[in-house]
Amino acid sequence: MLALFSASAAAAAYVGGGVGHRTAALARSHHHHHHTPALLMQAPADTTTPARARREDMGAAGRSASEVAVGLNRADWKREVDKARSGSVTAVRVRHILVQTDELGEMLRQQLREGASFGELAAAASACDTRDKGGEVGWSGVNDEHLDEILPKEVRAQAIGMKPGDVALVRSERGVHVVQVVDVFQTLNIDSNPRTRGLPGTGRRPTPLIQLLRKSREDERGLHQLSAAAGEEAGEEAGEGAAGEGAAAVGELMRNSGKSGRRSLAMKYSMDTMGCQMNAADAERMEGQLRALGFQKADDPSDAQVIVINTCSIREHAEAKVYSYLGPHAKRKNAGEDMAIVVAGCVAQQEGEALLRRVPEIDLVMGPQYANRLGDLLEGVFNGNQIVATAPTHIMEDPAQPKRASTVCAWVNVIYGCNERCTYCVVPTTRGSEQSRPRDAVRAEIEQLVADGYREVTLLGQNIDSWGSDLSPRQSFAELLRDVGATPGLARLRFVTSHPKYMSPRVVDAVAETAAACPMFHIPFQSGDDDILRAMERGYTAERFKQIVAQIRARLPDAAITADAIVGFPGETDAQFENTLRLMEEVKFDQLNTAAYSPRPHTPAALWDNQVDEAVKKERLQRINALAAEHALERRQRYLGRLEEVLVEQRNPKHPGQVKGRNRQGCPVFLEGDIDELKGQLVAVRITEAHTYWLIGEAEGEKFAGGRYVDDGASVVLEV
Ligand code: SAM
Ligand code: SF4
């Protein structure tokens, strides 16, 4: 199945590995038959009862997520997740440089750590013929004897235990190999059960969607991508092995679609995304895969054969939305429509198979770590299976081009997951432990974006400062920032989110010294009270947070500083809440995202008995929002009369004669202008009005494609 998406023909050899079906407990008891769409409109009782722990598929088998999240210390938890992850790796994509001495190998490893290009080092220093291909060996499994003369078995055996981005020195009879893992391939660690029984109420077995797919005419671009990615082998190779049926069916789809003159309805998908930028970025990658499979986006979700809801569980109401959203689709399915319902994202990870029990119409429940494998998982669904994919896994490099929402600004994940254990937060259990993407992969993605005309890139991570700390050898985010910030043609580089515990002056320096890096920092402080911060296990004090702000202001006086804060955390007194307001007064954030504390499943704070009254939370939320808005307006006013560099992104949806862009600090700016002329341009804009969360201005002088405005303290000058 991988063959469908992998650029490497060698990868096709792993198709036979196929889907590792864990046929464990997907059994549905009869009371599901009593489910009606009306029932789906309500949030299930147990997500609002934090004290009730539910089984979940994180950590080692048989251990519930709450035990993993609450009962284990951080190191043990991470070890368990990592072990579960690497268990099912069957092949790694590797590059190597062959040298004769350890010293030379060590030197190369150090250069790689500092950001040297693997390909160039291989070309210059490797004694292996692979130097002509930048050291690329391709997909390697331990038993790939055809690779013995290039990468002897002991080297392959060691490589299989490495993570993407890791570099190691391994000795063989050929010499010393500087080995880098570029990507990993794992068999899918999923629960999969055939849908043998009918859906509630209808007694009808749904027609596998694959039959419809076969009839469907491939959209030209989808086919192009698919065949370019898969090569000719995919169709044939895919016919074998455990995964055979699904892969063969899609192979047939590819062959059929090659025959011209056949016309039938294109298959459609709908994708709805809730929550944060991580989810939005995951959605873009999932859409990319659906398009590669030949699906088109449906204008109306009720026309779609594949319905994806990409969920958020950061707060309670986000979860309740999932159930109300699913209602109408479950109804369609019960009425006999042939369609697949997919629940992705954090609620999927958190609830796992419980979702299938609650809403048996769902076909696929997949956690965020599986976003890059939607295509693979759907094949199982097309063959009539119900699937749960929530076990910890490595995140493979993007198998398909993401379908990006913008043509000007792009998101690039640099680190997935989170190793922190903030006592209120579900993210570590929904997104797993940290996985940094290899520097080369990030670099290559950004170079491609620039080549495709993108001007701005935002690097994404829950705790972006820890990028590289899980790589071997360790690398630093500040260095990554300088490195990718130097990509020729990249106008702007942003990054989120900085954690105060890890935020270092080196990052501030890197921003100050990297032309493309924008002067803005998103550093959630959560609370201004030290006791609350301790109870949250945030790992810093209000004083430390203020030091960070002072460091930024000293180096980049005009930088925007934004944050998140929570009110009504368990035990928060009026005085402690006032400390949060006091911190805000001292810092004056450009923007603050606020939330009333919401108890989340599998988090320690949800179990505490000192929960704050809802009415009190509500009142605090109103007060904090009022103050945040006051500060936001005050901060925006500094732009009045100034000339700002604005990157134009889109038409103002409300006034088609206006365009919308953002200044370097990330503040939205509206101006009169023609979108066709200005889209993707950096425009010099004189700011005439400051509102709480946006600015209005007029284009001044010529638009320009290069150069940038620099604030020299007294005025803003154009440096070309
Ligand atoms: N990793 C980032 C950090 O540590 O700052 C934030 C990630 S989280 C997706 C985004 C924000 O949601 C958090 O900063 C926090 O303010 C808020 N949040 C998380 N859990 C929450 C909860 N249980 N109740 C209310 N807000 C919450
Ligand atoms: Fe991780 Fe941020 Fe959640 Fe803390 S708040 S656990 S750092 S994602």
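In what follows, residues are counted from 1 in the order of the sequence shown. Below, all heavy atoms of this structure are taken into account, side chains as well, without hydrogens, waters or symmetry copies. The shown structure was predicted, so the numbers you read here are calculated from the model rather than taken from an experiment. Both ligands and their constituent atoms are indexed starting at 1 by order of listing.
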Taking everything shown except Arg506 itself, do over 12 heavy atoms lie less than 6.0 Å from its CZ?
no
Is there any N or O on Gln526 that sits under 3.5 Å from an N or O of ligand 1?
yes
State the count of protein N/O/S atoms located less than 2.8 Å away from atom 3 (Fe) of ligand 2.
1
Would you say Arg538 contacts ligand 2, with heavy atoms under 4.0 Å as the rule?
yes
Is Gln665 reaching over with its side chain to a backbone N or O of Asp558, donor-acceptor style, under 3.5 angstrom?
yes
Contacts of type salt bridge (Lys or Arg N to Asp or Glu O under 4.0 Å), residue Arg443, not counting sequence neighbours:
Asp440, Asp483
Measure the distance from atom 8 (S) of ligand 1 to every protein heavy atom, then report the residue, atom name and distance (to 0.1 Å) of the closest one.
Ile314 CD1, 3.8 Å
Atom 27 (C) of ligand 1: the protein heavy-atom neighbour that sits closest, reported with distance to 0.1 Å:
Ile566 CD1, 3.7 Å
Identify, for atom 20 (N) of ligand 1, the protein heavy atom at the shortest distance, and state residue, atom and that distance.
Tyr424 CD1, 3.3 Å
When every non-hydrogen atom of Thr514 is compared with those of Gly485, the smallest separation belongs to CG2-CA, 3.6 Å
Residues which pass salt bridge (Lys or Arg N to Asp or Glu O under 4.0 Å) with Glu420, listed by chain and number, not counting sequence neighbours
Arg74, Lys501
Between Arg431 and Asp282, does any NZ, NE, NH1 or NH2 come within less than 4.0 Å of an OD or OE carboxylate oxygen?
yes
Run down the list Ser313, Cys425, Ala595, Ser598 and name the one with the heavy atom closest to atom 23 (N) of ligand 1.
Ser598
Tell me whether Arg620 is salt-bridged to Asp574, with the criterion being a basic N under 4.0 Å from an acidic carboxylate O.
yes
shortest atom 5 (O) of ligand 1-to-protein heavy-atom contact is with Pro524 CG, 2.9 Å
I'd like to know if the side chain of Thr594 pairs up with that of Asn625 as donor and acceptor (distance under 3.5 Å, no hydrogens or angles considered).
yes
Specify the protein heavy atom at minimum distance from atom 6 (C) of ligand 1: its residue, its atom name, and the distance to 0.1 Å.
Gln462 OE1, 3.9 Å
Check Phe495, Tyr502, Trp467 against Phe477 for a ring pair (Phe, Tyr, Trp, His ring centres under 6.0 Å) and give me the one that passes.
Phe495
When you measure from atom 4 (O) of ligand 1 to every protein heavy atom, which one gives the shortest distance, and what is it?
Arg538 NH1, 3.1 Å
Considering all heavy atoms, the nearest His691-Leu633 contact
C-CD1, 3.6 Å
Got a sec, which pairs hit ring pair (Phe, Tyr, Trp, His ring centres under 6.0 Å) with one end in residues 604-630, sequence neighbours left out?
Phe569-Trp608
So which protein heavy atom does atom 25 (C) of ligand 1 come closest to, and at what separation?
Ala596 O, 3.4 Å
What residue and atom, counting heavy atoms only, is the protein's closest point to atom 11 (C) of ligand 1, and at what distance?
Asp564 OD2, 3.4 Å
So His522 and Thr562, side chain to side chain donor-acceptor pair (under 3.5 Å) or not? Walk me through it.
CA-CA 5 Å; His522 184 67; Thr562 61; 2.8 Å; yes
Taking the non-hydrogen atoms of Asn463, is any one of them nearer than 4.0 angstrom to ligand 1?
no
